[in-house]
Amino acid sequence: MRVNPAYWVAGAVLLILPAFASDFVLYQLFGWTFILGMIALSLMFLAGYGGMVSLAQMTVAGVAGYMVAIFGESAITDISQGWPWYVSIPLALLIAALFATATGWLADRTEGIYTIMITLAIAAAFFYFFNQNYVIFNGFSGFNGVLPPELFGVNWRDPIAFYYLTLFWAAAWYFGAIYVSRSPFGLALQGIRDNPRRMAALGYHVTAHKVAAYAVAAFPAAVGGILLTWQSAQISPGTAGIGPAIDILIVAVIGGIGHPVGAFIGAFIYVILKTFAIDLIVFVGLGSERFRLLIGLGFLAVVFWSPDGVLGLWEKLKRSRGLNPLLRKAGRRP
């Protein structure tokens with residue numbers, strides 16, 4: 001398989017980036033980009049390959065983050081069990097996958113806009129459940145002091161260590177998504193997306209494939225949720241609120257929902273705007289709440305010019321550049 005040289009260049013730059021980038025760039029910008037990219041990748045997998053737009057992927061990430069805080073260690077010692085990482089992390093991933101499977105089972109009974117609405121309802125319900133339950137989830141305060149284990153004598157919240165940790169998992173899930181998309185399961189899922197009746201007639205269990213897709217997509221979202229919890233050392237209901245759930249959809253669509261790399265492109269654009277544009281907005285006296293207006297306008301602009309996001313714009317540009325020489329040779333204007 002021929003690999004685009006741009007991917008080799010991007011990979012080399014990302015590997016050597018800690019040699020010349022600041023801790024802020026590594027930990028905040030790229031660490032956050034890789035985390036949001038993983039969660040958006042789970043949405044891209046469902047929407048791009050299965051035609052199922054789920055707004056519950058951030059909730060899946062939140063469930064994993066909460067489970068790590070509850071089963072592992074945190075500053076809330078009355079609730080956290082203090083179990084070792086090799087027990088708490090697999091349990092968190094398992095429970096997140098079960099939650100996503102149940103979500104998929106419910107969402108499979110709907111199509112189109114109704115799938116979006118039911119997954120948004122699930123996200124809203126769990127936000128209020130997290131917020132109002134003090135016995136298990138510690139209410140609106142959530143958990144703080146949730147730190148990654150120091151494996152191999154490494155402090156994984158150190159900017160360089162955390163950068164490589166998030167880069168590793170982002171790359172793993174990126175290539176994993178590509179592999180699954182070309183596997184028999186992924187091809188069947190894409191066939192169901194295009195024509196479910198025909199796939200059912202060919203003997204494929206449409207419902208089982210859709211629900212399984214939710215379970216598979218849960219893992220990059222869950223890992224992203226755990227890393228997000230470790231990055232901020234805390235998790236609260238706002239982490240998995242309605243706003244962040246919609247933000248993940250915006251990230252996936254802006255980048256391009258048709259290819260796994262679009263999730264990370266959209267995440268990078270979002271993080272840059274969230275980090276720097278909000279300061280500019282406050283500086284000119286518009287107030288920080290105007291940031292979402294800026295994100296919304298950017299979202300509308302990208303979708304207007306290209307429903308396939310930034311990747312779609314890039315493909316249009318390449319096609320136009322390839323077409324212009326042919327038109328000039330024929331003596332015509334584009």
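For the single chain, residues carry numbers from 1 onward in sequence order.
The nearest pair of heavy atoms linking Ser183 to Val180 is OG-O, 2.6 Å.
Other residues sharing a hydrophobic cluster with Tyr134 under the 4.5 Å side-chain heavy-atom criterion for ILVMFWY residues are Phe140.
Residues satisfying the side-chain hydrogen bond (donor to acceptor under 3.5 Å, both in side chains) criterion with Arg198, sequence neighbours excluded, are absent altogether. The side-chain hydrogen bond (donor to acceptor under 3.5 Å, both in side chains) search around Thr166 returns none, not counting sequence neighbours. Residues passing the ring pair (Phe, Tyr, Trp, His ring centres under 6.0 Å) test with Trp83 are Phe71, sequence neighbours excluded. By the side-chain hydrogen bond (donor to acceptor under 3.5 Å, both in side chains) test, Ser181 is found to be paired with no residue, residues two or more places apart in sequence or in another chain being considered. The side-chain hydrogen bond (donor to acceptor under 3.5 Å, both in side chains) search around Ser232 returns none, not counting sequence neighbours.
For residues 18-30, every residue pair satisfying the side-chain hydrogen bond (donor to acceptor under 3.5 Å, both in side chains) rule, not counting sequence neighbours, is listed here: Tyr27-Arg157.
Separation of atoms CG (Asn138) and CD1 (Ile136) is listed at 11.5 Å; rounding is to 0.5 Å. One finds the CE atom of Met38 at 15.0 Å from the CZ atom of Phe219 (value rounded to the nearest 0.5 Å).
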Under 3.5 Å, which donor-acceptor pairs link side chains of residues 92-103 to any protein atom two or more places apart or in another chain?
| unit_1 | atom_1 | unit_2 | atom_2 | d |
| --- | --- | --- | --- | --- |
| Thr101 | OG1 | Ala97 | O | 2.7 |
| Thr103 | OG1 | Phe99 | O | 3.0 |

Kindly list each side-chain donor-acceptor pair under 3.5 angstrom involving residues 49-65, sequence neighbours excluded, with atom names and distances?
| unit_1 | atom_1 | unit_2 | atom_2 | d |
| --- | --- | --- | --- | --- |
| Ser54 | OG | Ala56 | N | 3.2 |
| Ser54 | OG | Gln57 | OE1 | 3.0 |
| Gln57 | NE2 | Ser42 | OG | 3.2 |

Could you tabulate the donor-acceptor pairs under 3.5 Å formed by side-chain atoms of residues 248-262, not counting sequence neighbours?
| unit_1 | atom_1 | unit_2 | atom_2 | d |
| --- | --- | --- | --- | --- |
| His259 | ND1 | Val261 | N | 3.1 |

Using residues 201-208 as the side-chain source, report each donor-acceptor pair under 3.5 Å to any protein atom, sequence neighbours left out, with the distance given to one decimal.
| unit_1 | atom_1 | unit_2 | atom_2 | d |
| --- | --- | --- | --- | --- |
| His205 | ND1 | Ala208 | N | 3.0 |
| Thr207 | OG1 | Asp108 | OD2 | 3.1 |

Return all side-chain donor-acceptor pairs below 3.5 angstrom for residues 143-153, not counting sequence neighbours, or 'none' if the list is empty.
none

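For CH2 of Trp156, the number of neighbouring non-hydrogen atoms (other residues, nucleotides, ligands) closer than 6.0 Å is greater than 12. Within 6.0 Å of atom CZ in Arg109, more than 12 heavy atoms from other residues, nucleotides or ligands are found, so the atom counts as buried in its surroundings. A 6.0 Å sphere centred on CD of Gln231 holds more than 12 heavy atoms belonging to other residues, nucleotides or ligands.
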* To do: List the steps, then state whether side chain to side chain contact (heavy atoms under 4.5 Å, CB included) holds for Phe137 with Ile79.
  => CA-CA 8 Å; Phe137 299 104; Ile79 299 178; over 6 Å; no
